[in-house]
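When a residue number appears, it is its place in the shown sequence, counting from 1.
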Amino acid sequence: MLKINFPGKLVFGNGVLTQLAEDIVAQGCRTVLIMTIKPLLGALRDFFVHLEGEGVRLLVDTAIEQEPSFADFKTILEQYRTAQPDTVIGIGGGSVLDVAKLVAAQLNNNQSLEEIVGNGLLHGRSIRLICAPSTAGTGSEVSPNAILVDDDNQKKGIISPFLVPDAVYVDPLLTLGVPPAITAATGLDALTHCLEAYTNKFSQPFIDMYAIEGMRLISANLVEAVKNGENEQARSEVAMGSMLGGFCLGPVNTAAVHALSYPLGSLFHLPHGLSNALLLPYIMEFNYTAAPKKYAEVAIALGCSRQDSDEETARGGIAKARELIRDCGIPARLRDVNIPREAIPQMAEDALKITRLLINNPREVTLQDAITLYHAAY
């Protein structure tokens with residue numbers, strides 16, 4: 001069964017933040033909670049001035065600075081519970097958007113955070129939700145997913161159609177100031193969303209269209225976006241690829257790369273995109289024999305030529321992924337980011353708990369497989 005929950009409205013293009021301000025005024029919003037990050041405040045100054053000039057009361061929160069925890073979220077929620085915003089806007093990377101989505105859902109909800117962890121457990125959302133990504137990476141702006149780190153340091157997903165925003169404004173100009181390392185890591189995260197959706201055990205032809213085009217756009221433009229961050233065309237193509245990857249997350253979702261990357265974030269606080277990039281080629285190598293035709297099409301999308309067999313073509317795609325990671329200046333080994341080798345057994349155990357993603361993988365991952373994969377990536 002294929003079920004997709006699209007945002008009610010999607011606006012994509014350079015400078016669309018101006019249209020967002022106009023639309024907020026036109027919709028009669030009176031109190032707006034904006035969740036963002038401090039480095040964006042300068043770029044958002046005109047946006048804020050426009051809204052305040054129209055009599056809109058703004059509450060601006062910049063508390064999220066890394067992957068958010070249950071405790072972070074609960075603190076923010078309590079802070080704004082009495083403010084009664086009619087609209088929540090997330091403008092930032094995936095962590096900010098995830099928290100904005102959950103705040104909009106939970107402000108008027110009597111369910112606890114713990115009660116909505118999982119798939120389809122959130123009962124509803126009564127506050128208008130708008131998302132505008134400032135990185136081309138997570139695709140959170142169009143997905144039904146939000147990820148938080150729980151009190152036991154494990155990443156937990158909240159998945160619900162009520163977390164899909166009412167409106168999404170993707171303004172690639174917001175990504176111009178993103179540093180090269182973050183551009184690279186978030187772009188590779190977006191690429192992984194597309195790749196894992198396409199090779200997924202439960203892949204869908206309708207989603208395959210988004211996944212293939214997302215891989216093509218990101219592979220062709222990411223290195224340029226990393227090396228020349230002012231290139232608006234490259235930024236726009238990667239932003240489009242990231243958004244397409246976000247559309248893959250609800251109906252199909254990711255698999256072993258994300259499952260094995262989670263412990264790198266929860267145990268060692270590595271950025272999510274970097275965690276995925278460190279593992280991607282090794283898990284592609286592990287998986288491709290289980291789905292050679294799919295991985296051959298991945299290779300073509302990444303810009304490789306078709307070879308005599310699907311297996312040979314697929315191996316070219318793995319080499320291309322390694323090349324892309326290298327050209328983006330991303331570390332290639334776990335040891336390069338100071339992950340201790342002795343942590344591998346614990347990481348493998350934690351990764352095996354992410355069954356909601358591992359069941360999607362084209363090849364079964366056992367505990368020993370996870371240990372072997374981490375050693376290969378070391």
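- Using cut-offs of 30° and 60° on the angle between ring planes, the pair Phe247 and Tyr210 is tilted.
- Using a cutoff of 4.0 Å between basic side-chain nitrogens and carboxylate oxygens, Arg306 and Glu312 are not scored as salt-bridged.
- Partners of Glu213 under the salt bridge (charged side-chain N to carboxylate O under 4.0 Å, His left out) rule, at least two apart in sequence or in another chain, are Arg216.
- Here side-chain hydrogen bond (donor to acceptor under 3.5 Å, both in side chains) pairs that include residues 44-62, with residues two or more places apart or in two chains, are Asp61-Tyr80.
- Val223 places a side-chain heavy atom less than 4.5 Å from the side chain of Leu324.
- Under the 4.5 Å side-chain criterion, counting only non-hydrogen atoms from C-beta, Pro68 is in contact with Val99.
- With sequence neighbours left out, the salt bridge (charged side-chain N to carboxylate O under 4.0 Å, His left out) criterion links Lys353 to Asp350.
- When side chains are defined from C-beta on, Phe162 does not count as touching Leu129, because their heavy atoms never get closer than 4.5 Å.
- When hydrophobic clusters are built by joining Ile, Leu, Val, Met, Phe, Trp and Tyr residues whose side-chain heavy atoms come closer than 4.5 Å, directly or via intermediates, Leu97 is not grouped with Leu44.
- Tyr378 does not carry Arg333 over the face of its six-membered ring by the limits of under 6.0 Å from the centre and within 45° of the normal.
- Looking at residues two or more places apart in sequence or on another chain, you find no salt bridge (charged side-chain N to carboxylate O under 4.0 Å, His left out) involving Asp369.
- Looking at Asp150 and Gln154, their side chains never bring a donor and an acceptor atom within 3.5 Å of each other.
- We find that Arg326 and Glu323 are not joined by a salt bridge, their nearest charged nitrogen and carboxylate oxygen being 4.0 Å or further apart.
- Applying the ring pair (Phe, Tyr, Trp, His ring centres under 6.0 Å) definition to pairs two or more places apart or across chains, none involves residues 94-137.
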Asp86 and Thr31: CA distance, side-chain angles, deciding distance, side chain to side chain donor-acceptor pair (under 3.5 Å) verdict: CA-CA 6 Å; Asp86 51 53; Thr31 300; 4.9 Å; no
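- Shortest non-hydrogen contact noted between Val88 and Ala100 is CG1-O, 3.6 Å.
- In this structure, the side chain to side chain contact (heavy atoms under 4.5 Å, CB included) partners of Thr254, at least two apart in sequence or on a different chain, are His193, Glu196, Leu249, His258, Leu357.
- Residues Arg235 and Glu230 are not in side-chain contact: their nearest non-hydrogen atoms beyond the backbone lie 4.5 Å or more apart.
- Judged by the 6.0 Å and 45° rule, Arg315 forms no cation-pi pair with Tyr295.
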